[in-house]
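Only this structure's heavy atoms are used, side chains among them; waters, hydrogens and symmetry mates stay out.
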Amino acid sequence: MKGGLSVLGRLFLVLIFVMSALGNKVPNFESMAGYMASEGMPMPKVMLVGAIVFMVVGGALVFVGFKARIGAGLLAVFLVLATYYFHDFWTFVDAGERQMQTIAFMKNLALLGAMLFIVANGAGAWSVDRLIGRGKSCASEGCKTKDQKEKSVVDQ
C-alpha cells in the first residue's frame, strides 16, 4: 500500500506543474511571455522556456522517482521565482485580488515545502531511485557514504 500511495502522491503533486506547462504555457507562449514582461520578469521568453523545462523535466523526475531530488530542486527554483514575481499579494490594494494572490502565494509555499521534503528525503517507495539504491534514507536504514565505508575498513 505504501508504494502505491507514494506513486499516487507524486503524481498528484506534479500534475499541476506538467499540466500548467503543457496545457497553458506552451500553447500560449507569446501571451505568457508578454504577461511575464509586464510583471517585471527579466528576459521573459528565455525565462519562460526555462520555466517550461523546469516544470516538465522536474515533474517527470519527481513522478517516476528518478533523481527525484534534482527534479524537486528544479520545481523549487520555479516556485520561488513564480511566487516572487506573480503572487506578490502585499502589493495589491483591491481586497479581492489581494486575497486571491495570498491564496496563490500560500499554495506555492505549500508546494515548495513538498519539494524541500523530497530534496531531504527522496521520492519514497516504488521509485526508480529506491529501486537502484539511490533513494535510501540513511537515517532510517543506516547506510554509509563511500568515505565512511572506507574509513570503517581502515579502522578495523
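To the nearest 0.5 Å, the span separating CD on Glu39 from NE2 on His87 amounts to 9.5 Å. Summarising the geometry, atom CZ belonging to Phe117 is positioned 14.0 Å from atom CG belonging to Leu112; distances are rounded to the nearest 0.5 Å. The CZ atom of Arg69 sits 12.5 Å away from atom CG of Leu116, with the distance rounded to the nearest 0.5 Å. Rounding to the nearest 0.5 Å places CE of Met32 at 13.0 Å from CE of Met47. A distance of 12.0 Å separates CD in Gln99 from CZ in Phe89, rounded to the nearest 0.5 Å.
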Stepwise side-chain contact (heavy atoms from CB on, under 4.5 Å) test for Val128 and Lys67: CA-CA 8 Å; Val128 174; Lys67 298 192 182 273; over 6 Å; no
Check against side-chain contact (heavy atoms from CB on, under 4.5 Å), Ile132 and Phe66: CA-CA 9 Å; Ile132 60 178; Phe66 177 69; 4.3 Å; yes
side-chain contact (heavy atoms from CB on, under 4.5 Å) between Phe29 and Leu48, worked out: CA-CA 8 Å; Phe29 188 89; Leu48 181 54; 3.4 Å; yes
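At least one donor-acceptor pair closer than 3.5 Å links the side chain of Asp94 to the backbone N or O of Glu97. For the pair Ser6 (side chain) and Lys2 (backbone), a donor-acceptor distance under 3.5 Å is present. With hydrogens and angles disregarded, no donor-acceptor distance shorter than 3.5 Å links the side chain of Asn24 to the backbone of Ser20. No donor-acceptor pair under 3.5 Å is formed between the side chain of Arg130 and the backbone N or O of Ala123. Checking side-chain atoms of Thr83 against main-chain N and O of Val80 turns up no donor-acceptor pair under 3.5 Å. Panel note: side chain Asp129, backbone Ala68; a donor-acceptor pair is recorded below 3.5 Å. Side-chain N or O atoms of Arg98 include none that pairs as donor or acceptor with a backbone N or O of Val93 at under 3.5 Å.
In the hydrophobic clustering of this structure, Ile118 does not group with Leu5; members are Ile, Leu, Val, Met, Phe, Trp, Tyr whose side-chain heavy atoms approach within less than 4.5 Å, directly or through other members. One hydrophobic cluster, built from ILVMFWY side chains closer than 4.5 Å, holds both Met115 and Ile16. Residues Leu109 and Met55 do not share a hydrophobic cluster, clusters being chains of Ile/Leu/Val/Met/Phe/Trp/Tyr side chains in contact below 4.5 Å. Hydrophobic clustering of Ile, Leu, Val, Met, Phe, Trp and Tyr side chains at less than 4.5 Å, counting indirect connections, keeps Ile103 apart from Met106. Cluster membership check: Val14 shares its hydrophobic cluster with Val57, using side-chain heavy-atom separations under 4.5 Å among Ile, Leu, Val, Met, Phe, Trp and Tyr.
Shortest non-hydrogen contact noted between Phe86 and Gln101 is O-OE1, 2.9 Å. Across all their heavy atoms, Leu75 and Phe54 have their closest contact at CD2-O, 3.6 Å. Nearest heavy atoms, Ala125 versus Gly3: CB-CA, 3.6 Å. Closest non-hydrogen pair, Gly71 versus Val62, comes out as C-CG2, 3.7 Å. The heavy-atom pair separating Asp88 from Thr91 by the smallest distance is O-OG1, 2.8 Å.
Enclosure of atom OH in Tyr85 by more than 12 non-hydrogen atoms of other residues, nucleotides or ligands within 6.0 angstrom is indicated. Crowding of Tyr35 atom OH: a count of heavy atoms from other residues, nucleotides or ligands under 6.0 Å exceeding 12.
Under the side-chain contact (heavy atoms from CB on, under 4.5 Å) test applied with Phe17, the options Val56, Leu79, Ile52 reduce to a single match, Leu79. Paired with Leu15 under the rule side-chain contact (heavy atoms from CB on, under 4.5 Å), one option of Leu13, Leu11, Val18 passes, and it is Leu11.
With sequence neighbours left out, the salt bridge (charged side-chain N to carboxylate O under 4.0 Å, His left out) criterion links Lys45 to Glu30.
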